Amino acid sequence: MLTSHALPASSARERAHEIARLLLEHQRGHGRPGRPGPLGPGQCRELPCTRCRDTQAEVIEPSVRADRPVRLLLPAFPGKSPNRAKVLGTLPDMAEEHALGFLDSLGASVRRIHPPGAEIVICSDGRVFSDAVGIPDDDITAYHRELGTMIESLPHGTVSLFTLDQVPEFAGLGHGGMRTALTERHAVPLELLRSRVRQGEDVPLYRAITRFLFEDGNTPEYKGSRAALQRDARARAYVVIQRSKAWGDFLARYFPGSVRLSIHPQPCATAKLGIQLGPSTGSWLTPWHGVAVDVGGRLVLMKRAEAEGLGCDLVEREGRPSHFVLRGPLRSAHEGSARSLAVHANTTAAPGSSAAPGASAVLAVPETPAVPETPAVPETPAVPEAPVVPVAPVAPVAPKEW
Ligand SMILES: [Zn+2]
């Protein structure tokens, strides 16, 4: 049973700021590797950002004052991308394991500031939009199971998994029924989302999700036109955003008083804090959209095709593909180098580091990643939209703010 030790207000505020500062060391910013800011209207002008710190400290302070763990929610780890040019399979691999290890360590380091520590709840959103992103529900189930096993073996025990399947109010509805109920009870209408994007809201998110969906659908098996795939990706992006926001809305009510982490960059001083799960070759790349590559004693996320293009060796564990290892001169160049390869520009992960000569020749702490990061869709979202893919009925609910 946790008890309140009635920490003096000034000490609680100080500790809350310290915890916020720690989290913000891993803030995921906008922009590209090697190009730190300015980060656009409404974005942080510096990273770590004092305005974001103050915003998060306010959420953290009541937990510190009550001497209870600080709860961090992270909607993420949905399921592996269906595009095998990006990932190794349907199950979590070293990419996820490494990211979970990072989160567990982050949670543990909160204990040094605040003894009750932190609880990081991964709210897997795969079930929430599996139909819209083209991942079979059975694959989501298997992904969750394996993710749970990885979480159980984490050394500090600060991470847990929460899925739509565990929500009592959706029990017995079946996967499709749960999605429908979530949409009906917690979503804003798609037309409202479209209108907001046209007015400039959530544009980076819309573009990133559209790009992911386009890439995921652009497989050798796809026989349609590129334009049709782009239209379809744009339409489905709205469904993904709608469901993600509905899930976020639900989580905020289910876990009140929690810090809301996000794997996407977020506007400055808003409720969500975008965090970086580790170095990668793309500012929006995640473990479930990429593979882990050992580039010389440390792991970097990249797309599978990038790793194969570099001639990396595939490593299997327990009969399953796990990650890649970079060999040869490029690895030698990276070993002993303090430089964080391809770390996002506007994180603080590589202060004062210096690259070994030649190290960036191919792996290029890149201004220009091996696979272009440029969205495969038009930059202007205000293009005529195709009719929305009828993934689920749109609930006739009143628009809500988020
Ligand atoms: Zn900020």
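Just so it is clear, the model here is predicted, and its values are computed rather than measured. Both counts, for ligands and for their atoms, begin at 1 and track the order of listing.
Atoms of the protein (N, O or S only) found under 2.8 Å from the Zn ion (ligand 1) are C44 SG, C49 SG, C52 SG, C268 SG.
Classification of the F77-W288 ring pair by plane angle, with boundaries at 30° and 60°, yields tilted. Aromatic ring orientation, F250 versus H186: perpendicular (interplanar angle above 60°, classes split at 30° and 60°).
Remark: the D93 side chain and the S322 side chain contain no N/O donor-acceptor pair separated by less than 3.5 Å. At a cut-off of 3.5 Å, with distance as the only test, no side-chain donor of D67 or H114 sits close to an acceptor on the other residue. For the residue pair H144/S124, the side-chain donor-acceptor check at 3.5 Å is satisfied.
Atom CZ of R111 has more than 12 neighbouring heavy atoms from other residues, nucleotides or ligands inside a 6.0 Å radius.
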